[in-house]
Amino acid sequence: MKFVGLVLRNLWRSKLRTGLTILSTTVALFLFVMLRTLVTSLDASVDVADASRLVVRRSTSLIFPLPLSYKDRLAAVEGVTGVTWMNWFGAVYPADERGFFAQFAVDHETFFDLYPELLLTPEELAAFKNERTACIVGEKLARRYNWKPGTDVTLRGTIYPGDWTFTIRGIYRARTPEVDATTMYFQWKGFDERMAAEDQGGQVGVYVIRLADANQSAQTAQRIDALFANSSAETRTETEKAFQLGFVTMMGNVRGAVRILCIFVLSGFLLVAINTMMMAARERTREIAVLKTLGFPDALILKLVLAESSLLGLLGGLIGCFGGAFVLGGLSASGNAMFATFVVRADTVWIGILIALGMGLVSGLIPAIGAARLRVVDALRQA
Amino acid sequence: MSLVDVEGLRKVYHRDSLEIPVLDSIQLRIEARDFLALMGPSGSGKSTLLNLLGGIDRPTAGRIVIGGEDIGALKSGALAKWRAQHIGFIFQLYNLIPVLTAFGNVELPLLLTPLSRRERREHVMSALRIVGLEDRVHHYPRQLSGGQEQRVAIARAIVSDPTLLLADEPTGDLDSNSAAEILTLLERLNVEHGKTIVMVTHDPHAAERAHRVLHLDKGRMTAAAAPARSR
């Protein structure tokens, strides 16, 4: 501990250089936290999927609907304890055309029963069920647009043309941070009535069914697909997790790309830190020689230089990781479209800090070994 | 037994394939409480001899025994430890650490000891009092004059109460008044505190303060030890 003062003094001898190095570490670790959170959040969106839920969709493509008449036949399948259905709406909010959020037309009687992770008060649920144009929005979405219960929200349809106005009757909370809280759900019944007027009623995007036993998902899926085989609308049934994973894999090898990006970012930081430490050690050649003359052993000199470089990395790591967690947490809480589902995990922060510490240590190795091997007489003569 | 016993000392530097002899056949005895001046032209090997006595360089041949310890036989780590306990260095250019205050600079050798923070403080203040800088404790080297910097360097050299003080041109970078003050301080350390001092100098006036003067030329002793003035 008695050498801490010496390490700190040396670290702050060139404030600008130290500050810029810490800044580069901060930026690198901030990016690391962001990129890793992107991956873990994508994974989480799959992980939160309920194992006891199956998604039934048209076998040919998700864009083709299934008939409403399937609901009773699905409910009758052995092991099925609940059925609900929904349609992807895909409209634009004219007040913020670039601010994407998902909207689904859902069956008002059954949907929230199958999705207990979306929390509503009994009053909100009752209000939603009692009104054809009622909608429920996630708390992050409501925060983003400052929506309150009773607010009318008009959307401009893209798949289903025209203006669609809904009245917010409830704001749902997510049971865990990983659950999306940026979606709008409105009554399928009202949607269907309007579509029926255009001769397009009775069409369902996907069915979601709940099983009594999650271990029976494969057999039940086979049973359902067999039930509708050779019909005009054959089905493809899969677990909710597999269904979600399908969307993630559509984005390509995100995990691999992010890993490569992380390596580049952190390598850049490592080179900057190595350069800083080498410059710092070279500038202090004479002082290191003097310390050795005073009796500082080689091992202690090595440790002092490594402590300095590690501290440099650690400071940048702490600011970058906690700063990243704070900023992303703030953006996520504000309902920002891009970051709404970002949840910075504790292990991301700790891994980032460990990486920063490790890289600080590595960056100090070359100058530390050089300082430890320094011949006092040569150094005093050169300087 | 003498405090310092040097026998058949030889030092050769290698530069590429060239062998450059710097010291040869040096025999030297220094008694405790002695004040010895080493003189000679540039390149005569004075500083090399000082470095060898201080254990920051290794002899090519011969033995250096200080306080009964053959320092040539010590390994690097043990030699560093021995240096911390027995040697105090004073350099021509002071060599203070610019980011540390006078207190911090003087405290450096004590960081290697098991002394407590309070004990270290007492030792540092005592050393700074001896050199007359107890009112400059929190000053950084850039805030001190050359003479004051050298006095801080002397305080650093004596703070751990070493066996031997080695001074390499301690007045070489100072004006005549400051030089005289430093030499008086060294004399006091020798007389009042019983410190054994070996001082390299070009300056005959500085050498006069020593008990005896040794002359080196081309790596050899050219004159027998002779008292510069009576004790």
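Quick note: numbers below take in every heavy atom, side chains included, and nothing from hydrogens, waters or symmetry partners. In the text below, chain A, chain B and the rest are named by the order of the sequence lines, each starting its count at 1.
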**Asked** Which atom names give the shortest non-hydrogen contact between A/K2 and B/T113, and what distance separates them?
**Response**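 Shortest heavy-atom contact: NZ-O, 2.7 Å.
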
What part of [X] gets closer than 4.5 Å to chain A, counting heavy atoms only: side chain, backbone, both or neither?
{"X": "B/R117", "answer": "neither"}
{"X": "B/N51", "answer": "side chain"}
{"X": "B/Y94", "answer": "neither"}

**Item:** Within 6.0 angstrom of B/H14 NE2, more than 12 heavy atoms from elsewhere
**Value:**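 Correct, the count exceeds 12.
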
**Message:** Other residues, nucleotides and ligands only: do more than 12 of their heavy atoms fall within 6.0 Å of CZ on A/F326?
**Reply:**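 No - once you tally the heavy atoms of other residues, nucleotides and ligands closer than 6.0 Å, there are 12 at most.
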
Student check: side-chain heavy atoms of [X] and [Y] closer than 4.5 Å:
{"X": "A/R13", "Y": "B/I97", "value": "yes"}
{"X": "B/D57", "Y": "A/R375", "value": "yes"}
{"X": "B/T48", "Y": "A/V377", "value": "no"}

**Message:** Set out, in order, the CA-CA distance, both residues' side-chain angles and the distance that settles side-chain contact (heavy atoms from CB on, under 4.5 Å) for B/F89 and A/V376, then state yes or no.
**Reply:** CA-CA 13 Å; B/F89 271 98; A/V376 178; over 6 Å; no

**Prompt:** Going by residue number, which parts of residues 289-311 of chain A are within reach of chain B, meaning a heavy-atom gap below 4.5 Å?
**Reply:**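 Heavy-atom contacts from residues 289-311 of chain A to chain B are A/V290, A/L291, A/K292, A/T293, A/L294, A/G295, A/F296, A/P297, A/D298, A/L300.
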
**Message:** Sort by residue number and list every residue of residues 99-111 of chain B having at least one heavy atom under 4.5 Å from chain A.
**Reply:**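 From residues 99-111 of chain B, the residues near chain A are B/V99, B/L100, B/L108, B/P109, B/L111.
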
